[in-house]
Amino acid sequence: MKSSRAQYVGFLLFLIGILRCKALVRHTFVVEETPYRRLCSTKNILTVNGQFPGPTLYVHKGDTIIVDVYNKAKYNITIHWHGVRQPRYPWSDGPEYITQCPIQPGAKFSQKVIFSTEEGTLWWHAHSDWSRATVHGAIVIYPKKDSTYPFPKPDAEVPIILGEWWKKPIMEVYNEMLRTGGDPNVSDAYTINGQPGDLYPCSKQDTFKLRVEQGKTYLLRIINAAMQDLLFFSIAKHSVTVVATDASYTKPLTRDIITISPGQTIDVLLKANQNPDHYYMAARVYSSTFNVTFDNTTTTAVVEYSGKYAPTSPPPLPRLPYYNDTSASVNFTGSLRSLASDKYPVDIPRNITNHFIFTVSVNLFLCPNNSYACPNGARLAASLNNISFTNPSIDILQAYYYGINGVFGARFPSFPPYVFNFTADVLPLSLETPKRGTEVKVLKYNSTVELVFQGTNLVGGTDHPMHLHGYSFYVVGWGVGNFDIKKDPLNYNLVDPPLQNTIAVPKNGWATIRFRADNPGVWFMHCHIERHMVWGMDTAFIVRNGVPPNTHLLSPPPDMPPC
């Protein structure tokens, strides 16, 4: 009797599981080439469903969705759900050769996207070669249906996606960089919601326009989808109030200017409290690197008040900081604070079991004389703890799950192998050459991590927006110069640090993050400046299973792309 009852209960649970699967909302992403005209010329770009930027996904906190990705392009593709925790399910996370092999032309992959603790704005993007230049879009995560925002409900919500545009096909730019070993050609324009704006040729008629009514409040969900640059953003004669970053609420922070790193999202409230008129919103580069070219143009959109009036022509521009104003950048980033309320508490790890220091460096590989693969005599590289990451031939997750040897090593160093004055103005040339390797860091389930990212001045110091897949982390401290292991931890913010998935390590400075390793699987960590990632500024964490079954990595889906 007990056996039959158990079978009956098991059958009911099986049926419930099927019904839940059938209830999942499905989306279709068709990756294909589409002609787009910008800056007076037309070229084919990779798009999702013919859109640039791609479609916005709308979900509620805790939802799970299925996205059927069809690759109808001539390039391999992967899609990453940036900032989505994906509990125990890295199989759909997306970075090529880390958690999957690419979706080949003509193939399909059904990706399950599991939302859990995230609430606010995230985004999705390609995570293969440089396809994300045009293959990206917003993710809006509303509160649960019985909940509300921790701020007055805005009158409207608008994604604001900042990007870059090259006149050349992006794969030509990418392949040329690989061929020469140098810096890639800089973009020809920045964009707001896919449009360069009034200050560029052949662009004014398509400039993005935000229509507002005086007295109303608008939630702008700002995403930096740019490939190479941190950006300053502002709206003429208006302040904005930051209320969230990386899908985690913050204490209200009112500023005239924000700094946003590649990969980061920032939610701001805009009050339409000025005289009815047209006002530019604008973004331009923050670039701290010495003697490196950058796109020095400014992208604009127009905030248009409704009503009858004669608008100022041209609209006023906001005053953005000078391109290398490091203090403007770090002072904004360092002012962010978690909400840390009863409803939105913080859970900062206190008893740390893993203390790590990772140097983040730009490097050089010297080449043999007259090498065809190295026309400039050296190739630019990048590293973490002096290891320049090399992609394996099959993905690390597959190798880990099935116990395939020889794909990756587990000896990523916990501390810099060479200790020197990391931020000195002049450093020995012998330090500029890293080692190549596919090394990862293995963590026990539920262990706690404190990780200090230490910037260096090798080859050229700059900011590095470091992004961790599968986790958000608390940014408990940051500073300029070399991290002081005795003094700097005394000033950590362990009360209300921001919870983020991407943090910009300041030029020749450091940033400290903390997280609990409670999400088993393989999780990529890399600089979100695309050239730095390609050059090797990345690694992965492998978080082992816990003891109970509900702390184990879930099984792979049947349609994982083959290598």
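Bear in mind that the values here come from a model prediction, so they are computed numbers and not experimental data.
The CG atom of Asn493 sits 5.0 Å away from atom CZ of Arg337, with the distance rounded to the nearest 0.5 Å. Here CD1 of Ile160 is found 5.5 Å from CG of Leu220. Values are rounded to the nearest 0.5 Å. Taken to the nearest 0.5 Å, the CH2 atom of Trp123 stands 4.5 Å off from the CZ atom of Arg132. In this structure, CG on Asn446 lies 6.0 Å from CG on Asp518, to the nearest 0.5 angstrom. The OG1 atom of Thr299 sits 4.0 Å away from atom CD1 of Ile192, with the distance rounded to the nearest 0.5 Å. The distance from the CZ atom of Phe52 to the OG1 atom of Thr191 is 4.5 Å, given to the nearest 0.5 Å.
Nearest heavy atom pair, residue Asp538 against residue His532, reads OD1-O, 4.4 Å. In terms of heavy-atom proximity, Thr78 sits nearest to Pro102 at CG2-CA, 3.6 Å. Thr448 and Asn351 get closest at one heavy-atom pair: OG1-O, 2.6 Å. Between Phe109 and Ser92, the shortest heavy-atom distance links the atoms CZ-OG, 4.4 Å. Of all non-hydrogen atoms in Leu230 and Ile529, the two that sit nearest each other are CD1-CD1, 4.4 Å. Heavy-atom minimum distance, Trp523 versus Asn519: NE1-O, 2.8 Å.
Counting heavy atoms from C-beta outward, Gln100 and Gln111 have side chains that approach closer than 4.5 Å. Between Val31 and Val48, some side-chain heavy-atom pair lies under the 4.5 Å cut-off. In this structure, Met466 and Leu384 have side chains that are in contact, with non-hydrogen atoms separated by less than 4.5 Å. The shortest side-chain heavy-atom distance between Leu122 and Val84 falls under the 4.5 Å cut-off. Side chains of Leu162 and Ile260 form a contact here, defined as non-hydrogen atoms less than 4.5 Å apart. In this structure the side chain of Val476 reaches within 4.5 angstrom of the side chain of Ile348, judged on heavy atoms.
Between Trp510 and Phe422, the gap from one ring centroid to the other reaches at least 6.0 Å. You'll find the ring centres of His469 and His526 inside the 6.0 Å limit. For His82 and His528, the distance between ring centers is under 6.0 angstrom.
Within a 6.0 Å radius of CZ in Phe420, more than 12 heavy atoms belonging to other residues, nucleotides or ligands are found. The 12-atom threshold is exceeded at CG of Leu490, counting heavy atoms of other residues, nucleotides or ligands nearer than 6.0 Å. Counting non-hydrogen atoms of neighbouring residues, nucleotides and ligands closer than 6.0 angstrom, the CZ atom of Arg350 exceeds 12 such neighbours. With a 6.0 Å radius and a threshold of 12 heavy atoms from other residues, nucleotides or ligands, Arg544 has its CZ atom at or below the threshold.
In this model, no donor atom of one side chain and acceptor atom of the other lie less than 3.5 Å apart for Asp267 and Thr265. If you check the side chains of Asn491 and Asp488, you find no donor sitting under 3.5 Å from an acceptor. Side-chain atoms of Asn363 and Ser361 form no donor-acceptor pair, as typed in the model, at a separation below 3.5 Å. The closest side-chain donor-acceptor pair between Thr241 and Thr254 falls under 3.5 angstrom. A donor-acceptor contact closer than 3.5 angstrom is absent between the side chains of Ser383 and Lys435. Using a 3.5 Å distance cut-off with no hydrogens or angles, the side chains of Thr423 and Asn482 do pair a donor with an acceptor. Under 3.5 Å, the side chains of Thr512 and Tyr492 contain a donor-acceptor pair of N or O atoms. Counted by atom type alone, Ser128 and Tyr97 present zero donor-acceptor pairs between their side chains at under 3.5 Å.
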List the steps, then state whether side-chain hydrogen bond (donor to acceptor under 3.5 Å, both in side chains) holds for Asp129 with Ser131. CA-CA 6 Å; Asp129 298 328; Ser131 303; 5.3 Å; no

Can Thr289 and Lys507 be said to form a side-chain hydrogen bond (donor to acceptor under 3.5 Å, both in side chains), step by step? CA-CA 8 Å; Thr289 310; Lys507 176 184 178 180; over 6 Å; no

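A distance-only check finds no donor-acceptor pair linking the side chain of Asp496 to the backbone of Ala340 [under 3.5 Å]. Remark: the backbone N or O of Trp166 is not paired with any side-chain donor or acceptor of Asp188 at under 3.5 angstrom.
Taking the centre and axis of the six-membered ring of Tyr471, the NZ or CZ atom of Arg85 falls inside the cone set by 45° and 6.0 Å. Both cation-pi conditions hold for Arg436 and Phe365: the charged atom is under 6.0 angstrom from the six-membered ring centre and inside a 45 degree cone around its axis.
Test Val292, Val362, Leu429 against Val459 for side chain to side chain contact (heavy atoms under 4.5 Å, CB included) and you get one pass: Val362.
Ring pair Phe356/Phe358 is parallel by interplanar angle, where below 30° counts as parallel and above 60° as perpendicular.
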